[in-house]
Amino acid sequence: MSAPEQKPSPGAPPAPQPLIPEKYLDVPSQRLYYLSLGLLCQAIKLIDFSRYLVRGEEGLAICRKWLFVDFAYCAILNQLRIPRLTYSKAIVLLQIALLWFLDGLMFGGISLNLPFRRAGFDSLTSSNIQEFSSTPAAFNLFDYVAPLTFGLLSAPGQKDGHLLGQHTVRMSPISTAQLNPQGLSFCLSPPDNFVLIPVLLNNTHLAGLTYSLTPLGRDEKPEIVELTAKDLKAIEQDRLEALQASRPTVPARDSDDYDEYDDEEEAIQGLQSPLLQNTQALVHIRLSRPGTLRLESVVDHSHVQARLSQPSTVTVVPCPTVEFADDDSIKDNVRCSGPDSDLQLTIQVVGVPPLSLRWLKTINGRREHFLVEGIEDNGRQDQPATGTTRGAVQELKIPLTISLDTPGTYLYALEEVMDSVGNVVRVGSDASAAVSGSASQTKTTRSLVVLRRPTVSFTHCRPGSPTSLLIGSEAVVNIAVNDADEFDSPWEISLEYQPPLETEGGGKGNKRYKPWKKTFKTQGNRRSIDVRANAPGDYVILGVQGKWCSGDVLAPETCKVVEKPLPSAEIKWKRIHECSGDTGVSASLVLYGTPPFQVYYTVQRDNEPPRELSKTFASSRGELTLQPERSGHYKFTFTRLSDTNYKQVELKGPSIDQVIHPLAAADFVTAQAGTKRRISSCDGGDVSVDVDLRGTGPWNLEMQVVSPRGSETFEIQGIETARKTIKIPIPKGLESDGGTFEINIVSIEDAYKCKRPVSVPGISVDVRAVKPTAKFYVSGNKRHVTVLENEPASLPLRLTGDGPWRIKYRQQEDSKVMTRTLTNPNDNLIVTQKGLYELVEVADAHCPGAIITEASTYEVKWVPRPSAKLSPQTRAFYEPHNGSHILPAVCEGTADFVELDLQGRPPFQIMYNIAQNDNGGTRVIDQPILNSIQPHTRFQLQTLHPGRMYYEVKQIGDAEYPLTKHKNAVIPRNERLLFEQQIYMRPSARFRNRNRASYCLNDPFTPLDGVSPDRVILFHGTPPFTLKLSIKNVGTSQVETVTVDVFERTWKVDLPSYTFKAIGPHLVTIESVHDASNCAPAALDPLSSSIWVDVAETAAIIPFDRRVDYCVGEVIQFQLEGTPPWNIGYRINGKSYTHEAKVSPFALLQQQSGEFTITSIAHQQKLCKATVADLHFTVHPLPSAQVGHGKRIYQDIHEGDQAEIVFTLIGEPPFTFTYQRSEPSSKKGGRPGKVLETHTVSRVMTNEYSLFSALEGTWTVTSISDRYCRYPSAQPDLAVEKRP
């Protein structure tokens, strides 16, 4: 089914259609088939690569084949236009190039300089011959077409083009056949209803077989059936297809062209068993009817009957079956637990008795296995088995009783059944699903869910603990379901209500309550129900019923609901009379209900709005006392009452009206004196205190002052306000000397002339005669301190008075006033800035003070930081633009320095940056530290590298400011010391490379071409340059010196005035170089200051051997004269070629037959060319030999017969060839075994030679020689020098 086509977007070009229309083959199948073909080709390539490595086969021929195959694969893929496999031309070319590169690496077309080299080549492709130069191979179309066939994948003997073919003679062995070799039992089972009975063949090339079939259970004539090889092959093909369908991941087997030996290979593979030997094969007989099968005969291709092994019969019966019989009692697979809940099952068994049955039982995950044997009909148990009854099928039924005492999941599953013939059928494949917990029913399983019976009872309500019911509301009665399964929900609970028979007073019950019976149902996953009771009485559980099972009622099964009465109270008022009149009321309360009680009452004064208050009582009796603090007409009323059950029930209690006059009282205001009731007096003759008064005014207040010298009492009359400030005079003597005295309130009298003593704590007064002072401490008239920059300074203070002190101070340069709190009279004032500090104000814990003017200031100074500057003796020019000092320029490597003057306390540390020009900017190259013990030091400059050098003093440290403690205190950039210097580069010159130059005799020393980088001199320094060269003839030791002026930094040697007048090497050397900086030149590098020039005469070539006749694969050696490399021209069969040789002597491997002629030789980069006219050679082709006309022949003979072996000889007679006979391979296509004999035949004048043999073996040709050549040829002369 083809995939649906996608609609192209509007305006987009139509997608190309596949070359093969989808109506013939859909696109996914095209992709699958073509990619599978590609994987098959790569697998075959790996096989060729393994043979190339292990067996030493010819790599170039295989490489040519795969070059063509990979190209054809990619090109055909591009033409097929398969969607998602269609690429652009550039991608296709890249794929071809990558595949070709891989082919070259695998099969030797591309050589890598690796330490591993494959061994095992034959004589012509050995590693020794490969190091010789060779002529181009002759073009032969067959060499490119023949390797493309799959025949190249056959035995390695086919790979040699000069020695082809082999003839194998084998003796036919004795054949046998065995029916059912493993003694298996067979039975017919639907839906296929057929069996495959194996027949094991040994040394048999099957042509057909015959078997007989006798029906079971009755005496009838056997039926004879004949099967041909084609029928057996069709049965085997169906079997393999069935295996392929059941096991799709098994890879298919490749098949070659069929011949007589392929049958046993396919049979061995069809068995898929490692027990088969190489000579064995397996076929199958397809049988679809029960009966006794006897193998009658087996015939091979030679019409010879195979020997039959015993036993030759096998019995096939219907497969036994077992299942549970249909029963209406199991349709509902949920049961309730109990001793009376047994279940009866029936098992139906069909098969040839006696039968055996395996079954299992699982209860709540616990599994038990059972085996029942000897199952057969009791009526036939004692009858002997006869020919008419043996194999008859019986149907039997077995009862099975199940006890359901334990709740949970029950599973009964049938596992397997076995008949008397030995057929075992497993039927428990669906038991695993039932074990997981499902209650499904199948033919071989029965599963049940056994539920426990539910139980119910009341919760939170039992005899002696009834449920309370409030008047006008409902009570919740909870009933819980216990010990029940969720699967049995929901549950229905039957409940009965009975009203009370009599009331609490002993009378009859209320007639408005009627008895009832109701059923309640649980909701969702809840295991309880809430019954809302709105009437008192008894509630009784009658029963419970689940979805499947009925349950039991547990105690408590009865719940009594009792109605609670409203709370009430008995209240008695009582007036409180004291001194001048009524001061309040009290109430006695008796409370009825459930404690604790909360009583609510209102208090109303005159015409003010009433205020509601409450009080809680823990018991049934209580007292409430009310004494207001203000005078007036009061009304007290009880309004509501609450207990545990009822809240704020209206209370109709008695009220009381009362005119109340509260008692007078007085006390000091604690906000003024604090919690310690202590105040201070700093100046003046009296002290003020605040007094709070309560009661009815105006008031008369009596007070007392107690001092160390005595006490004094005085009275203040007619105080009208509730808060009064009273001035108390300080006792005499304390005003000037200071001290402590106490003020107390003795008594108070209100407007009703009711006088009461007052017992409150008094106030203690501290009289201060001396004010606090503050000043800076002075030691030797020195009020200043010197510290390091930004370090804290401690300014000593002297304070008088009582701490803590609050000091205000300022810095005279700044008007801002700062405050600091101190606790020590000898404390220090901590500051961090330099300047003059002044004390402004002081106050102690009690009174403000004064600053002593003579010691009110203190000065803080900083230690100055170290600095550096250039000494006047240093020659430098100051550039105000960037604040830098310009030092005189020097040459590279010249020592130079500057002198610095330092200020501070030695020793000094100077951290500075060194920078240099870099790509248009500057780059910091170092950050050293200079140490000096003297204030005048020398600063060494860096002159090793040419360019502009910059120096910047970043940080200076001394004894006071060491760099280790002040790493972050760097000098600001606008204050740093800067100086710079120009360093001139020393002139130098060198050759760009040391490649040897080649000139001919009498050539001028000028450039051979303008592109080559050879003979180019590179200059470093400031142009123009003056260059001095020397040219030395090594042969004559003659030296000539030339001086040249060069205005650029590169110069190609061009000396037209100098001519090479002698052959041999010449050495060109740079003697010296100078530039415009007048600096001394740098030392010349001896490796790059000279080059060699070779001057040569005309080249020549001389052969080592005077032979004229050679063979393909032989080497012709020549002696070369001149200077390498040489360029040699030669001609083969009229076609011209050239070759470059780098060493002499020179060896050339001949790969083409015909006329070979040397035409020319040149050296010195193809210069000084000479013509050669007298070197002519004849190259003869190699002879060839074929066995069986170059094919692989397999011939089977019997004892007494002979086989003819034919040898075909190709070349110039007379021939001499060697052949050998080896042990034949045990498998078709395998390599021959051990060599049994070897013979050489000489002086053969014809092109064909035959011999006859009755021996078994494989005949091959190992060597052949004709009039001129021999194959394989002898090893080449290894004494010849190889090319490096």
Side-chain angles (χ1 to χ4, degrees), residues 1-49 62-104 106 144-153 191-192 230-231 233-258 262 265-266 269-270 272 286:
M1 182 176 181
S2 61
E5 297 183 355
Q6 297 181 354
K7 296 183 179 180
S9 60
Q17 296 299 321
L19 181 64
I20 302 176
E22 290 193 60
K23 64 181 181 178
Y24 299 113
L25 189 63
D26 56 70
V27 171
S29 299
Q30 294 184 33
R31 280 196 296 265
L32 174 63
Y33 295 156
Y34 205 81
L35 291 178
S36 301
L37 176 62
L39 292 177
L40 176 62
C41 292
Q42 300 305 315
I44 298 175
K45 184 188 295 184
L46 292 178
I47 296 175
D48 284 354
F49 179 62
I62 303 177
C63 183
R64 288 193 297 267
K65 176 187 73 172
W66 286 112
L67 290 178
F68 180 82
V69 171
D70 291 338
F71 174 81
Y73 183 84
C74 295
I76 294 174
L77 176 61
N78 187 48
Q79 294 300 319
L80 289 176
R81 299 190 299 275
I82 301 175
R84 292 167 56 182
L85 292 180
T86 303
Y87 307 99
S88 63
K89 293 182 179 180
I91 299 299
V92 174
L93 293 178
L94 180 60
Q95 292 172 349
I96 296 174
L98 291 176
L99 290 174
W100 281 8
F101 179 75
L102 179 62
D103 295 340
M106 293 175 65
Y144 292 91
V145 176
L148 298 178
T149 63
F150 287 99
L152 291 175
L153 298 176
D192 297 334
K230 184 177 181 182
D231 298 333
K233 189 173 182 180
I235 295 173
E236 193 67 19
Q237 184 66 27
D238 294 341
R239 187 182 74 88
L240 292 178
E241 290 178 357
L243 288 177
Q244 184 72 13
S246 61
R247 300 177 61 186
T249 57
V250 177
R253 174 177 58 89
D254 295 337
S255 61
D256 295 327
D257 294 337
Y258 174 82
D262 288 334
E265 292 181 4
E266 294 178 358
Q269 293 181 358
Q272 297 182 355
R286 182 186 179 110

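Because the structure is predicted, anything quoted here is derived from the model rather than measured. Numbers here are sequence positions counted from 1.
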- Query: From Ile91 CD1 over to Cys74 SG, what is the distance, rounded to the nearest 0.5 angstrom?
  - Reply: 11.5 Å
- Note on the structure: When rounded to the nearest 0.5 Å, the distance separating CD1 of Ile20 from CG of Asp26 is 11.0 Å
- Min side-chain heavy-atom separation Pro83-Gln30 under 4.5 Å: no
- Task: Flag the pair Arg286 and Asp231 as a salt bridge only when some basic side-chain nitrogen lies within less than 4.0 angstrom of an acidic carboxylate oxygen.
- Result: no
- Task: Rounded to the nearest 0.5 Å, what's the gap from CG on Leu39 to CD1 on Ile44? Could you check?
- Result: 11.5 Å
- So, do Asp103 and Lys45 sit near enough that their side-chain heavy atoms are less than 4.5 Å apart? yes
- CD of Gln237 to NZ of Lys230, rounded to nearest 0.5 Å, is 13.0 Å
- Query: How far does CZ of Phe49 sit from CG of Leu102, to the nearest 0.5 angstrom?
  - Reply: 9.0 Å
- Minimum heavy-atom separation for Leu67 to Trp100, with atom names? O-NE1, 2.9 Å
- Heavy-atom closest pair, residues Tyr87 and Asn78: O-OD1, 3.5 Å
- Message: Within the structure provided, determine whether Tyr34 and Ile76 are in side-chain contact (heavy-atom separation under 4.5 Å).
- Response: yes
- Item | Spacing of CG belonging to Leu77 relative to CD belonging to Gln95, to within rounding of 0.5 Å | 7.0 Å
- Message: I want to check something: taking the side chain as every heavy atom from C-beta on, are Leu35 and Leu85 in contact at a cut-off of under 4.5 Å?
- Response: yes
- Message: Within the structure provided, determine whether Asp70 and Gln42 are in side-chain contact (heavy-atom separation under 4.5 Å).
- Response: yes
- Query: Could Glu236 and Lys233 be called an ion pair, given the rule that one side-chain N must be under 4.0 Å from one carboxylate O?
  - Reply: no
- Message: Filter on salt bridge (charged side-chain N to carboxylate O under 4.0 Å, His left out), then keep only pairs touching residues 83-97, sequence neighbours left out; what's left?
- Response: none
